[in-house]
Amino acid sequence: MRPVIPYVTAALLFGLGVYGVLRRRNAVLVLMGVELMLNAVNLILITADTTTRALLPHSGQVFALFVIVLAAAEIGVGLAIVLQLYRMRASVAVDEVPLDTAPLDEVPMDKVPMEGQR
Amino acid sequence: MTGVDVLLLALGAVAVGSGVFVVSTRHLVRAGLYLVVCLGAVAGMYLVLTAELVAWVQVLIYVGAVVVLLLFAVMLTRAPIGASDDLDRPGWPAALIGGGVGLGLAALLIDAFRWTTVELPEAGTAERIGEQVFASWVLPFEVLSILLLSALVGAIVLSRPDIGRTPGDSAARDRTPGDRPAGDEPAERAGSGGEGGAR
């Protein structure tokens, strides 16, 4: 097994994740970029587990499991924040959140204007 | 080039290719579906790299739960169906930084490992990983359980705006619009929407 193949794949995935986080305006798509980056880190950990003989066997895979748990917690809290932002501002575009004006007074989810009708 | 290398190359090509679509497609829902393909290919790479348990956990948690959560968020934020032009910001700084990070890391790793080969170790089955987790990594495991619990509670509190609001606060909010009927009915309705979001 040539470890350079999964390593390069992980590096490219990480670069794609960075690009997605910086490029996208929609907060949900930004979270997808974060997921890509976390997966690249997991791939690095798993590959390092095969290439190095550590004192504790399978440490890399245990770390990958921990990172998956962290990613699950991150996506839960992140999506809660995104939904709350949408409820207060009726938009999830990350570059046009007005920080100096008061929010809409929490509109219920079924009264929020549709995209394009604003 | 052995069979393992060919498999890794093919799965890596699928992962990177669908990753490109995730960050470049103009359909929100398709980005989530390409993310499924990308994460599935990465799970296949875990299987080839003998990380059996991690591969199945990846399929269960990422492909099963995280992507479903993301698609729910796409629906709950009233995302437009079909292509939309306002998903992206101007691209060249992002392309510069992302390409620099990706290609720089790739060059570093290629320089470090060249074309060497390693023997694959014994497979990381559930039994071996479980022995490690519950022998050497018990403390991080327990800390992670506390973190998961606090993240769960935090997500619920975040999506229920009626939790933690003092009566004076809600009265002040209700007075400001002027024409709104008195009472705390808006907070109740927002709370029921929050429950749907948390699920």
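Naming convention: chains lettered A, B, ... in sequence-line order (proteins, then strands); numbering from 1 in each chain. Only heavy atoms go into these numbers, but all of them, side chains included; no hydrogens, no water, no symmetry mates.
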Do other residues, nucleotides or ligands put more than 12 heavy atoms under 6.0 Å from Phe21(B) CZ?
-> no

Interchain contact, Ile110(B) with chain A, by part (heavy-atom threshold 4.5 Å) | both

Which residue out of Ile81(A), Val62(A), Ile75(A) racks up the most heavy-atom pairs below 4.5 Å with chain B?
-> Val62(A)

Under-4.0 Å salt bridge between Glu96(A) and Arg25(A) = yes

Side-chain contact, heavy-atom cut-off 4.5 Å: Gln132(B) with Pro57(A)?
-> yes

Atom CZ of Phe66(A) with >12 non-hydrogen neighbours under 6.0 angstrom | yes

Between Val92(A) and chain B, which part of the residue has a heavy atom less than 4.5 Å away: side chain, backbone, both or neither?
-> side chain

Under 4.5 Å from any heavy atom of chain B - which part of Asp95(A) | side chain

Is it the backbone or the side chain of Ile44(A) that comes under 4.5 Å from a heavy atom of chain B, or both, or neither?
-> side chain

What option among Asn26(A), Asn39(A), Leu85(A), Leu38(A) has the most heavy-atom pairs under 4.5 Å with chain B?
-> Asn39(A)

So which of Val18(A), Val28(A), Thr50(A) has the largest heavy-atom pair count under 4.5 angstrom toward chain B?
-> Thr50(A)

From the list Val77(A), Leu22(A), Leu12(A), Val8(A), the residue making the most non-hydrogen contacts under 4.5 Å with chain B is Leu22(A)

Can you say whether Ser145(B) sits under 4.5 Å from chain A via the side chain, the backbone, both, or neither, judging by heavy atoms?
-> neither

Highest number of heavy-atom pairs under 4.5 Å with chain B among Ser59(A), Pro6(A), Gly60(A) belongs to Pro6(A)

Report yes if the side chains of Leu45(A) and Asp49(A) come closer than 4.5 Å at any heavy-atom pair, otherwise no.
-> no

If one checks every heavy atom of Leu43(A) against chain B at 4.5 Å, the contacting part turns out to be both

Structural part of Phe141(B) lying under 4.5 Å from a heavy atom of chain A | both

Proximity of Trp137(B) and Phe63(A) rings by center, below 6.0 Å = yes

Is it true that the side chains of Gln58(B) and Asn42(A) contain a donor and an acceptor less than 3.5 Å apart?
-> no

Under 4.5 Å from a heavy atom of chain A, the part of Val118(B) involved | both

Atom CZ of Arg30(B): over 12 foreign heavy atoms under 6.0 Å = no

At a heavy-atom separation under 4.5 Å, does Leu9(B) approach chain A through its side chain, its backbone, both, or neither?
-> both

Counting heavy-atom pairs under 4.5 Å to chain B, which of Ala40(A), Pro3(A), Gly20(A) comes out on top?
-> Pro3(A)

Between Arg23(A) and Asp88(B), is there a donor-acceptor pair closer than 3.5 Å when you use the side chain of the first and the backbone of the second?
-> no

